[in-house]
Amino acid sequence: MLVQDRYAPAKSQIREIRRFSEPKSLDFSTWVSENLSRIVVISLSIVTILALFFLYNTTDTASLLCFQTQSTQSLQPLTRPQIKWNSIQVLPDKTSPYSTFVTEKWIVVSVTNYPTEELKGLVKIRGWQVLAVGNSLTPKDWSLKGSIFLSLDAQAELGYRVLDHLPYDSFVRKSVGYLFAIQHGANKIYDADDRGEVIGGDLGKCFDVELVSEPMLQYSHEDPNRTVVNPYIHFGQRSVWPRGLPLENVGEINHEEFYTEVFGGKQFIQQGVSNGLPDVDSVFYFTRKTTLEGFDVRFDEHAPKVALPQGVMVPVNSFNTLYHSSAFWGLMLPVSVSSMASDVLRGYWGQRLLWELGGYVAVYPPTAHRFDRIEAYPFAEEKDLHVNVGRLIKFLIAWRSEKHSLFEKILDLSFAMAEEGFWTEQELKFTSAWLQDLITVGYQQPRLMSLELDRPRANIGHGDRKEFVPRKLPSVHLGVEETGTVSTEIGNLIRWRKNFGNVVLVMFCNGPVERTALEWRLLYGRVFKTVVILSSRKNSDLYVEEAKLDHIYNSAEGFLFVEDDTVLNYWNLLQADKTKIWTTDKVSKSWTSVNPTGKSDWFSVQAELVKRTVSTMPAHFQVNYKEAAKNSLDALTVCSSEVFYVPKRLVTDFVDLVDIVGDMDLHYKVALPMFFMSMDSPLNFDPVLGSMVYKKKTSSFNSSLSLYSAQAPAVHPWSISSEQDFIKLVGQMAEGDPLLMEFILHLKLEPLARVAESVTMEEEKRRQICSNCDRPKPICICHVIPSEPIATKTEILILHHPHESRHKLNTTPLLVKSLTNITTISGRRLRHHHISASLPKPSRTIYLFPPSPSSPAVTLSDFKSQNRTTSDPPPPVRLIVFDATWKHAKEMVKASEEVLREAGAVRVCLDAGIDESVSGGSIYDSELFLRMEPVGGCVSTAEAVARCLGALEVDGEEIERKLISVLKEMVRLQSEFLKPMRPRPKLLKKRLQIQQEEE
């Protein structure tokens, strides 16, 4: 009560004060200062609500989940699963209809739609079982003969632990398929999708299905800062990058300076490259695509496979990858990240763990062709990649674990990745379930090996370097034109120049130096630092005093000496050590020992001069020589020495030894081997010249032609006495250096170039060719070719794809023989100078090509009616025709669009048009198709030109009849030497389906 009594007056007193207090000022600044704390709290609340609303609406579920998880983790730490591995029992399949089925090779595919043609092709691959894994979007009546289909119901009956963590509508349900395949005997699993077609229909030709210990190229580990590579550069496409490559690495387009080598047998994960639509991200897909046409990217099928060393990673996908049993644990597809990031994260995660087994990833040349269905790429689902993948790679390389079993290390890594926010705690639980399921289906975890990353890396010596220069394939199909692209041949030339660019070549010319010195300098000067010509016939323009060589070229790495009767195949000298002596001591016919008789014969005199010279040498020279010749001190070593190399470190010794010999009458064939053995032990000589071709000198040049080998480091003998002999030699050397033929052309020696080409052909095996029609005499068509070429008002320009010249059935030569106003150009695109203004005005330029949705075409009949004039005769027309396969022709037209547009060219097509639903034929009523047209309506180049002239010329019908008669006669004669080729089965089937639908 006292408290209440004392409190009550106070309360009423306060009320009184407030009641009669003076009103406060309504000044805004005063109000803000008094309510500042309230304003700040309310503002922060509004910003927080807006931020959460933004995240919810603009980010994908995985990103928001990751955000929420990290916030939760700050309050509640993750718990690492503890698994009793020994208590897990192996359980066989007792529920599915395939419980007794066992096979070793499986193809696992996720299916959402009905079977595609590509999937039907996978079923036909012999020795492999296709397993199709469905999801909630898969049609209920899905079926494909020859495959095993796991519907959602069938998956649920398997009882795997992972089923509790898998989404119902995602391709990551393939994890169930992997477990099913392992449970039924798998030791190889090809991870594929339903729009990839295996090239050649044989996985054994694409991958190393059976692991063998054979050497293969490996990326260099010399740069410790390089952690990821773009494998597409190795296979010829430097402007394409794979999905999962950090965007900060996209600009690294230079090829490898050199590779190393590793023995195969542990490439447990084999990533194949895909033609058509390769594995690219949405950034590439949307920024490199300018039309609605699908991608058709091609990679170098001849490039060798390449392995990744520990410390260097590569993106790995889930639709063209072969897994061996030692890496089956790495098939787990993460479930807490976006679908477009799942397989890429799996690939990096798996590569890091694969190093713990001593295994590695290898990338293989094109193994599949994927067809671009021109579908939208969901950029939002790739944000996990673009934001985190670079940091993930660095994290994985730095990660270490002290656990002593693979499965424990896998749990450790999954736990660490969850802690770092790369995925969520859900992934940790899924990993635990996956590993337990692996044991349940009978999988045995592989043994661990020591990690090479923790050991000091050995230096890469010169002999350990392996050379390969990737091709730079054209990228016109990417919507951008590469500049600075070089061919493989030019790349090789750059590599040779880099290797020998500081080596001086000294050539002794015994022949007429005034006729060949310039050619020798041009030939070898492309590769070596300089070419010094020495000759007994002094010429002020060509001769250099030999005593001055070491002073003039004191910066050279060494001096390579060669006589003009020896051919030097420089491309086979790349592996030689430029710090050692090269000589022919391993060539028995060049380096020989002779026992002098002791009389006054030449060998005895030379042997005495050698003893006298050695006795005057400084001690270190004497010791070296006597040690090298200790078993044959009385024998005389003779070396023809047509080719040898002296490194820079021994040049001074070489000069000193020359001075010691002085004016003695010691023959150079005796002096040179004495010099070599005095400078260094023969055990230290580089053996690169040991495999050279060496024969006795021949009396004629022609007998040397069969002696040459482009695989040898050098060839002896070879006689050069004129420019024609030199050109013939270059024709042979072009087998190893194809640019030499261009080298001849640049010298404007076309007539001699033709001579060089003829040398490389086996004249005695060639068929007799008609000099008029250029066809073999048994199928000569001179009797139907017009005796006088047909004159036309229409100017015909044919852009002839280089590959077409290989086809003996190409019809363009028939047109050239039959028409006067025709020009052919070999190339892949039109240039401005190809269509310079040669026609009188007014004139029109048209180009013949079928229409497309983005580029309509005018039919010939419509063009003719639109361009009728009252003038007589009608104005001339320039007709441009693209002579190539259907695929190449589309590429050529696309590459020539700018020139055609500037020329005002109109696209025209034949009146009949094309029909892609039927197989191609021709106007010939015959079962023999010499070169099958791809689709209905496509015709040969000669037939197309004939039809065009029939519509454009005043007497067009007669011209068309004459050209078609020539073409028919060629087909008739050729058909007598060919077996019948029926139309393509796939197109026949499609035609029958269309006919049935119409009925």
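Only heavy atoms go into these numbers, but all of them, side chains included; no hydrogens, no water, no symmetry mates.
Formation of a donor-acceptor pair under 3.5 Å by the Ser896 side chain with backbone atoms of Val893 is not found in this model. For Ser852 (side chain) and Ser855 (main-chain N/O), a donor-acceptor pair under 3.5 Å exists by modelled atom type. Under a 3.5 Å cut-off, the side chain of Asn569 and the backbone N or O of Ala712 do form a donor-acceptor pair. Judged by distance alone, with hydrogens and angles left aside, the side-chain atoms of Asn275 form no donor-acceptor pair with the main-chain N or O of Ala368 at under 3.5 Å. Arg878 contributes no side-chain N or O that, together with a main-chain N or O of Ile846, makes up a donor-acceptor pair within less than 3.5 Å. In this structure a side-chain-to-backbone donor-acceptor pair under 3.5 Å is present from Tyr524 to Leu568. Here the side chain of Trp571 pairs no donor or acceptor atom with the backbone of Gln711 at under 3.5 angstrom. Side chain of Thr820 to main chain of Ile790: a donor-acceptor pair is present (N/O by atom type, distance under 3.5 Å, no hydrogens or angles).
The aromatic rings of Phe468 and His234 are tilted relative to each other, their planes meeting at an angle between 30° and 60°.
A salt bridge links Arg947 with Glu943: the distance from a Lys NZ or Arg NE/NH1/NH2 to an Asp or Glu carboxylate oxygen falls below 4.0 Å. Ion pair Asp372/Arg370 not flagged as a salt bridge, since none of the NZ, NE, NH1 or NH2 atoms sits closer than 4.0 Å to an Asp/Glu carboxylate oxygen. With respect to Arg901 and Glu898, no salt bridge is recorded, no charged nitrogen being found less than 4.0 Å from a carboxylate O. Glu891 and Lys887 are joined by a salt bridge, as a carboxylate oxygen and a charged side-chain nitrogen come within less than 4.0 angstrom of each other.
Not a single salt bridge (charged side-chain N to carboxylate O under 4.0 Å, His left out) links Glu953 to another residue, sequence neighbours left out. Every residue was checked against the salt bridge (charged side-chain N to carboxylate O under 4.0 Å, His left out) condition with Lys205, not counting sequence neighbours, and none meets it. Here Lys817 pairs with Asp774 under the salt bridge (charged side-chain N to carboxylate O under 4.0 Å, His left out) rule; sequence neighbours left out.
Using a 3.5 Å distance cut-off with no hydrogens or angles, the side chains of Glu969 and His783 do pair a donor with an acceptor.
Remark: aromatic rings of Trp886 and Phe849 are close, center separation under 6.0 Å.
When the options Leu815, Leu949, Leu952 are evaluated for a side chain to side chain contact (heavy atoms under 4.5 Å, CB included) with Ile796, the one that passes is Leu949.
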